2 protein chains.
Amino acid sequence: MIPHLDDHDTRILAELQRDARLSMAELGRRVQLSQPGVTERVRKLESAGVITGYTAKVDLGKLGYGIRALLRLGRAESARVTKVVQQTPEVVNAYNVAGQDNWLLEIAVMDVAHLDAVISKFGQLTEVSTAVILHPVREHQPMLPVPRDDPRTIIRKVSLA
Amino acid sequence: MIPHLDDHDTRILAELQRDARLSMAELGRRVQLSQPGVTERVRKLESAGVITGYTAKVDLGKLGYGIRALLRLGRAESARVTKVVQQTPEVVNAYNVAGQDNWLLEIAVMDVAHLDAVISKFGQLTEVSTAVILHPVREHQPMLPVPRDDPRTIIRKVSLA
DNA sequence: TATGAAATACGGTTTTT
DNA sequence: AAAAACCGTATTTCATA
């Protein structure tokens, strides 16, 4: 289920999360592999499902979306929520979660009137609580494979100094 | 502040959000522009800050992170939260939000013990409520520019049928 | 449109298990 | 011993002026 990823794979994943448009030639230089070698590695990471795709990151503000917000929805039927999400392009991310609130949506809207419209739409399904995003502290943190041999190194990092 | 984006730009943004590794030649074919033409467009979208980067999407489960969760933090000093976030690689996204909870973090951890470790770390700053992600309904929805001439078309789409 | 660089395909070699 | 991974080269495609 979890493929074995060595040091080369880890460095490839780090580089491609930082810049997905690197040429294979340049990527090879950075991870000390030949161009065909690194190409084959990337192809395998893709077919193993470790890399699931490549995407351009966009500035939502520059696209005209002045407000980003998080909506927490109360209990609601899964099929109905899923359907409304699919019909709502303003929803950037949507998760079904365990806990008192069952759904968490991240949305992008133009202005307050637009925000009100989206909230009202989901408000017809269940109760909605809204939190406007003021400032992203961190976004799209590149993630590396968990060390297989000594997982405790991670735990140790987590504890406060 | 908000650059004017025409139909060509919109199609370029759609394609690059779907597959950021498209060659300029292939991208040009898809949006009906010459290779130099589309290259110049993309370069301008980058320098205008509309496209902020390109990233590989990875399957966190395949990297060994079996649990994804959302943490809501209560009131806490901004500098302290920021510092701990920066020292915690398990935090994928972090937002400062308006509302009763001041912070929302998305994290990836190996297992329950690891989850407990991360929660405890932030629990030293303020109260933490945790929601484990059961199932993503939508992720990384490609976003297109808001139509400039008739914003109401968007509002109309939002209202329920 | 032309020139240089990069991607893909192939055969041979080395390393790993 | 077997398998996998890597490299060098040639051809096609692509990027940049």
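The figures here come from the full heavy-atom set of this structure, side chains too, leaving out hydrogens, waters and symmetry mates. Worth saying up front: this structure is predicted, and the values here are computed from it rather than measured. Letters go in sequence order (proteins before strands), and every chain restarts at 1.
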Quick check: does any side chain N or O of A:R30 sit under 3.5 Å from a backbone N or O of A:I12, one acting as donor and the other as acceptor? no
For DNA chain C, what residues of residues 2-14 of chain A have any heavy atom nearer than 4.0 Å? none
Contacts satisfying side chain to side chain donor-acceptor pair (under 3.5 Å) that involve residues 73-83 of chain B (not counting sequence neighbours) are none
Using the side chain to side chain contact (heavy atoms under 4.5 Å, CB included) rule, take B:V91 and B:F122 through it: C-alpha gap first, then chi angles, then the decisive distance, then the call. CA-CA 11 Å; B:V91 176; B:F122 286 100; 4.0 Å; yes
Starting from the C-alpha separation in whole Å, work towards a yes-or-no answer on side chain to side chain contact (heavy atoms under 4.5 Å, CB included) for B:L33 and B:E40. CA-CA 11 Å; B:L33 282 174; B:E40 180 64 10; over 6 Å; no
Among residues two or more places apart or on two chains, list those pairs meeting salt bridge (Lys or Arg N to Asp or Glu O under 4.0 Å) that have a residue in residues 51-63 of chain B. B:D59-B:K62
Looking at every non-hydrogen atom in both residues, tell me the closest pair between A:H8 and A:V31 and how far apart they are. CD2-O, 3.6 Å
Tell me if a side-chain donor or acceptor on B:N93 pairs with a main-chain N or O of A:H140 at a distance below 3.5 Å. yes
Name of the residue among A:I2, A:L5, A:V146 meeting side chain to side chain contact (heavy atoms under 4.5 Å, CB included) with B:L63: A:L5
Is it the case that more than 12 heavy atoms not belonging to B:R18 sit under 6.0 Å from its CZ atom? no
Short N/O separations, protein against nucleotides 2-4 of chain D, under 3.5 angstrom:
none

Rounded to 10°, the angle between the first-five-pair and last-five-pair axes of the helix from C:dT1-D:dA17 to C:dT17-D:dA1 is 30°
Residue pair B:N102 / B:A76: nearest heavy atoms and the distance that separates them: OD1-N, 4.5 Å
Between B:E139 and B:R68, is the closest basic N to carboxylate O distance under 4.0 Å? yes
Heavy-atom protein contacts under 4.0 Å, nucleotides 3-17 of chain C, coded B base, S sugar-phosphate only, - none: ---SBBB--------
Pair B:L104-A:L104, side chain to side chain contact (heavy atoms under 4.5 Å, CB included): steps then yes or no: CA-CA 11 Å; B:L104 194 127; A:L104 193 127; 4.0 Å; yes
